[in-house]
Amino acid sequence: MKLVIKALILFTFGTLQALADSPAKPDINWNSVEDISKQIEYKLDQEHGEVTYGPNFANSAKSLSDNFSEIYLTRLIDHKGADHYALYITAQYNDTDWRSYADAVNKQGNKLPLVTLSKNENVCEGNAACRYEERLAIPLSFLFFFDGATMGLDLTISGNRVDKIMIPTTYFKAMLNSMPEEKLYDDI
């Protein structure tokens, strides 16, 4: 049952990811919670709930933007009030074959679930290299999401190639700050 729920949530996130509008390359100081917070987007979806999108981290460094067109965190509050967190990665690259990312491991050695949402290949007849795109999602528990605010997320994704993605604590802190304050006590 948990697998079905996770699959449904990832499908929902994947559907909403396609609807997200991301600015070309905003100037963001990735060491500033305030700068990152200004780029966080909120969308209300009648079918799925409230979605919070972090800014596209792939724009933070040329080494990332050369291989990835999108890297961002999302938070979904479904209609039952449950929170769901995920990291989305879109790998776009010119190569002779798929990278077929299949594993994700954090710096502490914890294996994180990696789901391939889609794969797209441009027509490449007669060319030595083709343009490939792999859309990936990594669902995160609240503990991993919260830990990101103290340690960041040092992630290694692998398949036919190994890539490292380091998302700083400031990104996670900005996402945590975007959460509405919960009412802790009922009115007496």
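Just so it is clear, the structure is predicted and the values come from calculations on it, not from any experiment. Worth knowing before you read on, the calculation uses all heavy atoms, side chains too, and leaves out hydrogens, waters and symmetry mates.
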Any side-chain heavy-atom pair from Asp103 and Lys111 closer than 4.5 angstrom? yes
If we ignore angles and hydrogens, is there a donor and acceptor under 3.5 Å between the side chains of Lys119 and Ser100? yes
Does Leu73 form a side-chain contact (heavy atoms from CB on, under 4.5 Å) with Leu140? I'd like the steps, not just the answer. CA-CA 9 Å; Leu73 287 171; Leu140 300 171; 3.8 Å; yes
Ring pair (Phe, Tyr, Trp, His ring centres under 6.0 Å) involving Phe68 - partner list, sequence neighbours excluded: none
Answer with yes or no whether the hydrophobic clustering places Leu112 together with Val105; edges join I, L, V, M, F, W, Y residues whose side-chain heavy atoms lie under 4.5 Å apart. no
For a 4.5 angstrom cut-off between non-hydrogen side-chain atoms, does Tyr171 reach Pro55? yes
Apply the side-chain contact (heavy atoms from CB on, under 4.5 Å) test between Glu50 and each candidate in Asp45, Leu76, Leu44; give the one that qualifies. Leu44
All side-chain hydrogen bond (donor to acceptor under 3.5 Å, both in side chains) counterparts of Gln46, not counting sequence neighbours: none
Is there a side-chain contact between Asn67 and Arg99, using heavy atoms and a 4.5 Å cut-off? yes
Kindly give the heavy-atom pair with the smallest separation between Ser178 and Tyr42, and that separation in Å. CB-OH, 3.1 Å
Listed by chain and number, what are the side-chain hydrogen bond (donor to acceptor under 3.5 Å, both in side chains) partners of Ser32, not counting sequence neighbours? Glu34
For Asp66, the salt bridge (charged side-chain N to carboxylate O under 4.0 Å, His left out) test, sequence neighbours excluded, returns Lys62
Using a 3.5 Å distance criterion without hydrogens, assess whether the side chain of Tyr85 forms a donor-acceptor pair with backbone atoms of Leu143. no
Measure from the side-chain N and O atoms of Ser69 to the backbone N and O of Gln92, and report whether any donor-acceptor pair falls under 3.5 Å. no
How far apart are the closest heavy atoms of Ile77 and Arg75, and which atoms are they? CD1-NH1, 3.3 Å
dist Glu134:CD -> Thr90:OG1 (nearest 0.5 Å) comes out at 10.0 Å
Which pair of heavy atoms, one from Ile71 and one from Asn56, lies closest together, and at what distance? N-OD1, 3.0 Å
Under a 3.5 Å threshold, yes or no: a donor from one side chain and an acceptor from the other, between Asp78 and His84? yes
Are Thr52 and Met175 close enough that some pair of their side-chain heavy atoms sits under 4.5 Å apart? yes
Begin from the C-alpha positions of Tyr53 and Lys43 and carry the test side-chain contact (heavy atoms from CB on, under 4.5 Å) through to its verdict. CA-CA 8 Å; Tyr53 296 92; Lys43 298 204 184 216; 3.9 Å; yes
Met166 side, atom CE; Leu64 side, atom CG - distance, nearest 0.5 Å: 11.5 Å
May I ask you to check whether Tyr132 and Tyr93 place their ring centres under 6.0 Å from each other? yes
Working to the nearest 0.5 angstrom, can you tell me the gap between Asn29 CG and Thr170 OG1? 8.0 Å
Measuring from Ile138:CD1 to Leu114:CG, what's the distance to the nearest 0.5 Å? 5.0 Å
Asp83 and Phe142, any side-chain heavy atoms less than 4.5 Å apart: no
Only pairs under 3.5 Å count here: list side-chain donor-acceptor contacts from residues 146-163, not counting sequence neighbours, and write none if there are none.
| residue | atom | partner | partner atom | Å |
| --- | --- | --- | --- | --- |
| Thr150 | OG1 | Asp147 | O | 3.0 |
| Thr156 | OG1 | Lys164 | NZ | 3.4 |
| Asn160 | ND2 | Trp98 | O | 2.9 |
| Arg161 | NE | Asp163 | OD1 | 3.2 |
| Arg161 | NE | Asp163 | OD2 | 2.9 |
| Arg161 | NH2 | Asp163 | OD1 | 3.0 |
| Asp163 | OD2 | Tyr101 | OH | 2.4 |

Not counting sequence neighbours, which residues clear salt bridge (charged side-chain N to carboxylate O under 4.0 Å, His left out) with Asp97? List them please. none
So how far is it from Gln39 CD to Glu41 CD, rounded to the nearest 0.5 Å? 8.0 Å
Ignoring hydrogens and geometry beyond distance, is a side-chain donor-acceptor pair present between Gln108 and Asn106 at under 3.5 Å? yes
Kindly indicate whether the side chain of Ile28, heavy atoms from C-beta on, has any atom under 4.5 Å from the side chain of Ile36. yes
Taking the side chain as C-beta and beyond, is there a heavy-atom pair between Asn177 and Val33 under 4.5 Å? yes
Does a side chain donor of either Arg135 or Asn120 reach within less than 3.5 Å of an acceptor in the other side chain? no
Test log, rule side-chain contact (heavy atoms from CB on, under 4.5 Å), inputs Glu70 and Tyr72: CA-CA 6 Å; Glu70 296 178 314; Tyr72 62 92; 4.1 Å; yes
Heavy atoms only: give me the nearest Pro113-Pro139 pair and the separation to one decimal. O-CD, 3.4 Å
Step by step, work out the side-chain contact (heavy atoms from CB on, under 4.5 Å) result for Phe145 and Leu176. CA-CA 9 Å; Phe145 192 83; Leu176 285 170; 3.8 Å; yes
Is there side-chain contact between Ile167 and Leu87, with heavy atoms separated by less than 4.5 Å? yes
